[in-house]
Amino acid sequence: MNSAPTMTAALPAEHRERLIQIAREASFEAGTRLFEEGGRADRFWVVRTGIVALDLHVPGRRAPVIESLGHGELIGWSWHFAPYVWQLGAEALHPVRAWEYDAVAVRAMCAQDPEFGRSVATWVGRVVAHRLHATRVRLLDLYAPYGSGGPS
């Protein structure tokens, strides 16, 4: 499977511009936890520079890194789906600069403009599908007797 769609690739210019208008700049030092699995998903980010690792809690083991995210990629999708709880954890591997978005504000924009809402939902849905596949492959590589049997 290819990489997850970036905001630039997934959203029309006018929808990207609407999001950029409400973004705030955020930065994280290497080693900073952006969120923990099970926490309240009240915001999301789009990476400008740096790398963020997504990890998954596995009882009795160290949390494996599922995927590393870079420029233009969406950090977090759980903000888009009730009950708005993070399904993975995230940590800055290198210093990160990102656009940060308030989830409540973006969901309100989606509700007010169905075309914008469909565009955002399609983008987030494609990211979820990609992350599900990446999680499956990574867990098979780590824990299945013969790995995933394919490229990861």
Side-chain angles (χ1 to χ4, degrees), residues 1-11 13 15-111 116-117 119-143 147-148 151-152:
M1 181 175 236
N2 296 332
S3 63
T6 64
M7 184 169 80
T8 302
L11 297 178
H15 295 165
R16 288 192 312 268
E17 184 56 36
R18 287 183 64 191
L19 283 175
I20 290 297
Q21 288 176 5
I22 67 162
R24 67 179 277 278
E25 291 188 37
S27 59
F28 305 95
E29 295 299 321
T32 301
R33 296 292 294 177
L34 281 70
F35 52 85
E36 297 290 344
E37 186 175 340
R40 192 172 122 238
D42 60 356
R43 67 196 70 210
F44 65 97
W45 301 265
V46 173
V47 178
R48 294 173 62 205
T49 62
I51 299 175
V52 173
L54 297 177
D55 54 38
L56 177 67
H57 175 74
V58 177
R61 298 181 184 261
R62 185 173 177 205
V65 171
I66 299 303
E67 189 171 19
S68 296
L69 308 178
H71 177 73
E73 292 190 280
L74 175 65
I75 305 170
W77 55 263
S78 302
W79 62 273
H80 194 65
F81 303 100
Y84 313 119
V85 174
W86 295 119
Q87 299 301 308
L88 298 169
E91 182 174 323
L93 293 182
H94 302 282
V96 171
R97 290 178 54 219
W99 294 118
E100 182 176 281
Y101 298 91
D102 177 87
V104 173
V106 175
R107 287 194 306 265
M109 290 169 62
C110 290
F116 177 81
S119 183
V120 170
T122 299
W123 171 41
V124 174
R126 289 176 61 201
V127 169
V128 171
H130 172 80
R131 302 258 162 88
L132 179 60
H133 179 76
T135 302
R136 178 183 178 279
V137 168
R138 182 70 174 133
L139 291 177
L140 284 172
D141 282 343
L142 290 172
Y143 305 118
S148 64
S152 52

Validation row: H80, V120 side chains within 4.5 angstrom (heavy atoms): yes
Any C110 side-chain heavy atom under 4.5 Å of F116 side chain: yes
Closest heavy-atom pair and its distance - A10, S119: O-OG, 4.5 Å
Straight-line distance of I51 CD1 to H94 NE2, nearest 0.5 Å: 4.0 Å
Heavy-atom check, side chain of Y101 versus side chain of I22, under 4.5 Å: yes
Side-chain (Q21) to main-chain (R18) donor-acceptor, under 3.5 angstrom: no
Side-chain touch L132/Q87, heavy atoms, less than 4.5 angstrom: no
Considering all heavy atoms, the nearest L56-P64 contact: O-CD, 3.0 Å
Pairwise distance CG(L54) to CG(L34) - rounded to 0.5 angstrom: 9.5 Å
Candidate pair E91 and F28, rule side chain to side chain contact (heavy atoms under 4.5 Å, CB included), full reasoning: CA-CA 9 Å; E91 182 174 323; F28 305 95; over 6 Å; no
A98 to V47 - nearest heavy-atom pair and separation: CB-CA, 4.2 Å
Close side-chain approach of V128 to F81, heavy-atom, < 4.5 Å: yes
Non-hydrogen side-chain atoms of E36 and W86 separated by less than 4.5 Å: no
Separation between CG of L11 and CD of E17, rounded to the nearest 0.5 Å: 12.0 Å
Under 3.5 Å: donor-acceptor pair, side chain of E37, backbone of H57: yes
I66 CD1 to H133 NE2 distance, which is reported to the nearest 0.5 Å: 12.0 Å
Any donor-acceptor N/O pair, S78 side chain to V85 backbone, under 3.5 Å: yes
Side chain to side chain, V106 and L19, heavy atoms closer than 4.5 Å: yes
Trace of the side chain to side chain contact (heavy atoms under 4.5 Å, CB included) decision for L74 with M7: CA-CA 7 Å; L74 175 65; M7 184 169 80; over 6 Å; no
Which atom of L93 lies closest to which atom of S68, heavy atoms considered: CD1-OG, 4.0 Å
R33 atom CZ, neighbour heavy-atom count above 12 within 6.0 Å: yes
W45 and F35 aromatic ring geometry - parallel, tilted or perpendicular at 30°/60° bounds: parallel
R16 side-chain N/O to T8 backbone N/O, donor-acceptor pair under 3.5 Å: yes
Any L69 side-chain heavy atom under 4.5 Å of R131 side chain: yes
Which atom of V52 lies closest to which atom of A90, heavy atoms considered: CG1-CB, 3.9 Å
Cation-pi, W99 ring and R48 (6.0 angstrom, 45 degrees): yes
